[in-house]
Amino acid sequence: MPFQIPRGTQDVLPGETEKWQHVEQVVRSLCGRYGYEEIRTPIFEHTELFLRGVGDTTDIVQKEMYTFEDKGGRALTLRPEGTAPVARAFVEHKLYGSPNQPVKLYYTGPMFRYERPESGRFRQFVQFGVEVLGSSDPAVDAEVIALAMHIYNELGLQHIRLVINSLGDLDSRRAHREALVRHFESRIHELCEDCQARLQTNPLRILDCKKDRGHELMATAPSILDYLNDESRAYFEKVKHYLAVLDIPFVVDSRLVRGLDYYNHTTFEIMSDLEGFGAGATLCGGGRYNGLVQEIGGPETPGIGFALSIERLLAALEAEGGELPVRRGLDCYVVAVGEQAKTEAVRLVYELRRAGLRVDQDYLGRKMKAQLKAADRLGASFVVMIGDEELESGAATVKDMASGEQMKVPFGELAHVLAKRTGREE
Ligand code: HAM
């Protein structure tokens, strides 16, 4: 084979793309209901944005970024995530000055991470995400989580679990950080090199280490929840209260630290409960990031959001045996026999398409029988047949493929009759 797709990427072929479109449409429509508007940012950004935004001690920044120098000598990076770019756009376009606060945004598009590919883990994957900037109301945390859950519910996923945690404010994190250093310090040599390097720079990251996940020191590490100050605890209680009001079940896991540095207060993940999912089990992740906008040069602005990948969502749906209501197939296939009929077919197909129908015709010079077979394969609901007799009488033969019923319909009435019969009538 001359060329193969790059490792960790995938082609989405017809048959699958309809599912993607369906998911995208559901997500867009739900965002509309919740009052979120779409933002589109570039696929690459200045590398510095992610160093500052995502954090230079994270795996994403240290190991996974697709970074390159362009011909002008600029250091650029294919975006590994969408939050830092949205925060950059928020600052650059001064959206903090907009009269509509908080600013509620959503985005969808490819993200790139140089990760070890396995099931559910790609090097290019499509994230859908939302970000709310400008409010530190815990009801917003609940809204954002509710929207994520709503998406999975709407698409029919049953076996999901919401896990939440709080990383507290700066003070709480500082106290926890000191406790972590004390906990790991004397035995840090038992952990991997990355953990050793992170002991002083960012000990919270040690809890997120993929290599040492099973080490005894991880299980006994001090819990952030024991270090929350009164304010942070009260905030977390409010978030839980609102989730209870919304009847959204959750479990609290104090070890949920997330892989990006910008988080404080609420963090959450939605996992698939089905077995055998491995890396793909985390369907969605998010949390609050009250310091990010300031970190990248904007005014102090609280923020919260989440992102989910469509690849993992579809894999979870498939594993659960869920069917998406996707519609493939044509409304009508026009079968023509003879040169004159062919000309009429070319005209008619265009007319029917303009009337809103999904229509196709033969382009391979096939005989009538083969054209009928093609119509069947393409899932056409109706076949319109045109031959000498039809041309002479001015009425086409229309066959309802489901019932086998045949009728004559004058050419001028075809668009109307077919639109009515297929439910595509305006
Ligand atoms: P994240 O946890 O890095 O968070 O990614 C969010 C989601 O993206 C994951 O839960 C997973 O569904 C998907 N994902 C991540 N990496 C891969 C991969 N290699 N292959 C397939 N899917 C993947 C963020 O990206 C944050 N920006 C989320 C956020 C938004 N926090 C606040 N606002």
Side-chain angles (χ1 to χ4, degrees), residues 6-10 12 23 27 36 39 41 45 49-50 53-55 58-61 63-66 78-88 90 102-133 140-141 143-145 147-148 151-152 157 160-165 167 205 208 210 256-272 277-293 301-317:
R7 210 164 126 69
T9 66
Q10 63 173 349
V12 184
V23 167
V27 156
Y36 290 67
I39 181 164
T41 63
E45 296 271 355
L49 173 70
F50 299 112
V54 173
T58 58
D59 273 356
I60 293 183
V61 166
K63 302 179 187 167
E64 298 171 2
M65 293 209 302
Y66 281 91
L78 298 183
R79 61 182 183 194
E81 63 101 49
T83 310
V86 168
R88 194 249 331 121
F90 176 84
V103 174
K104 297 172 40 165
L105 303 165
Y106 76 89
Y107 51 89
T108 170
M111 307 290 162
F112 305 85
R113 294 185 194 175
Y114 189 76
E115 293 199 82
R116 195 165 52 79
E118 56 181 293
S119 131
R121 187 178 279 151
F122 298 91
R123 289 183 172 169
Q124 174 177 327
F125 54 98
V126 175
Q127 270 190 353
F128 158 77
V130 310
E131 312 294 346
V132 181
L133 293 133
V140 171
D141 303 40
E143 175 182 288
V144 163
I145 293 173
L147 172 54
I151 289 170
Y152 292 117
L157 264 188
I160 53 170
R161 179 168 34 107
L162 168 65
V163 182
I164 64 170
N165 188 25
L167 300 181
R205 284 270 74 80
D208 194 38
K210 285 171 190 147
L256 181 70
V257 297
R258 312 269 304 120
L260 305 96
D261 272 352
Y262 43 63
Y263 293 114
N264 46 39
H265 289 290
T266 318
T267 55
F268 68 97
E269 285 185 354
I270 298 171
M271 338 273 281
S272 167
F277 250 100
T282 305
L283 303 180
C284 168
R288 192 161 263 293
Y289 47 85
N290 291 351
L292 174 63
V293 172
T301 310
I304 180 167
F306 71 78
L308 59 86
S309 73
I310 300 192
E311 288 83 354
R312 289 191 189 176
L313 191 166
L314 288 172
L317 260 176

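Remember, it's 1-based here, ligands and their atoms both numbered in the order they're listed.
Near Gly285, meaning under 4.0 Å from one of its heavy atoms, ligand 1 places the atoms 10 (O), 28 (C), 29 (C). Interface of Tyr263 with ligand 1, defined as ligand atoms under 4.0 Å from a residue heavy atom, comprises 26 (C), 28 (C), 29 (C), 31 (N), 32 (C). Applying the 4.0 Å criterion to heavy atoms of Tyr289 picks out, from ligand 1, the atoms 32 (C), 33 (N).
The structure places NE2 of His265 at 9.5 Å from CG of Leu167, a figure rounded to the nearest 0.5 Å. Between Ile304 atom CD1 and Glu131 atom CD the span is 9.5 Å, to the nearest 0.5 Å. Atom-to-atom distance recorded for Asp261:CG and Ile60:CD1 is 9.5 Å, nearest 0.5 angstrom. Considering CG of Leu157 and CD1 of Ile151, their distance stands at 11.0 Å, rounded to 0.5 Å.
Closest non-hydrogen pair, Tyr107 versus Ala307, comes out as OH-CB, 4.2 Å. Smallest separation of non-hydrogen atoms from Cys284 and Phe306: SG-CD1, 3.6 Å.
Partner of Phe90 under the side-chain contact (heavy atoms from CB on, under 4.5 Å) criterion, out of Ile39, Leu292, Leu133: Leu133 alone. A side-chain contact (heavy atoms from CB on, under 4.5 Å) with Val54 holds for exactly one of Glu64, Met65, Arg79, Glu81; it is Glu81.
Atom 19 (N) of ligand 1 has Glu115 OE2, 2.6 Å as its closest protein atom, hydrogens excluded (heavy atom only). Ranking the protein heavy atoms by distance from atom 13 (C) of ligand 1 puts Ser309 CB, 3.5 Å first. Nearest protein heavy-atom neighbour of atom 20 (N) of ligand 1: Phe122 N, 3.0 Å. For atom 32 (C) of ligand 1, the closest non-hydrogen atom on the protein side is Gly305 O, 3.2 Å. Among protein heavy atoms, atom 30 (C) of ligand 1 sits closest to Thr83 OG1, 3.0 Å. Nearest to atom 7 (C) of ligand 1 among the protein's heavy atoms is Ala307 O, 3.4 Å. Regarding atom 5 (O) of ligand 1, its nearest protein heavy-atom neighbour is Gln127 NE2, 3.3 Å. Counting only heavy atoms of the protein, atom 21 (C) of ligand 1 lies nearest to Gly120 O, 3.3 Å.
Counting heavy atoms under 4.0 Å from ligand 1, residue Leu260 touches it through the side chain alone. Contacts with ligand 1 closer than 4.0 Å are made by side-chain heavy atoms of Glu131 only, the backbone lying farther away. Only the backbone of Phe306 comes within 4.0 Å of ligand 1, counting heavy atoms alone; no side-chain atom from C-beta on gets that close. Under 4.0 Å from ligand 1, the heavy atoms of Tyr262 that appear belong solely to its side chain.
Taking any N or O of Phe125, backbone or side chain, none lies under 3.5 Å from an N or O belonging to ligand 1. In terms of polar-atom proximity, defined here as any N/O pair under 3.5 Å, Glu81 does make such a contact with ligand 1. Looking at ligand 1, you won't find any N or O of Arg121 less than 3.5 Å from one of its N or O atoms.
Within the set Val86, Thr282, Val130, the minimum heavy-atom distance to atom 9 (C) of ligand 1 is found for Thr282.
Contact annotation: Arg258 has at least one heavy atom less than 4.0 Å from an atom of ligand 1. In this structure, Gly287 counts as a contact residue of ligand 1, since one of its heavy atoms falls inside 4.0 Å of the ligand. Put simply, no part of Gly303 is less than 4.0 Å from ligand 1, judged by heavy atoms. Between Gly286 and ligand 1 there is a heavy-atom distance shorter than 4.0 Å.
Between the side chain of Glu311 and the backbone N or O of Val126 there is at least one donor-acceptor pair closer than 3.5 Å. Side chain of Tyr152 to backbone of Leu283: a donor-acceptor contact under 3.5 angstrom is found.
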Let's go through Asp59 and Arg205 carefully: what are the C-alpha distance in whole Å and the side-chain angles of both, what is the deciding distance for salt bridge (charged side-chain N to carboxylate O under 4.0 Å, His left out) to 0.1 Å, and is it a yes or a no? CA-CA 9 Å; Asp59 273 356; Arg205 284 270 74 80; over 6 Å; no

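Between the side chains of Tyr289 and Thr83, no donor-acceptor pair is found at a separation under 3.5 Å. No hydrogens or angles considered: a donor-acceptor pair under 3.5 Å links the side chains of Glu143 and Tyr36.
Residue Tyr66 places its OH atom among more than 12 non-hydrogen atoms of other residues, nucleotides or ligands, all under 6.0 Å distant.
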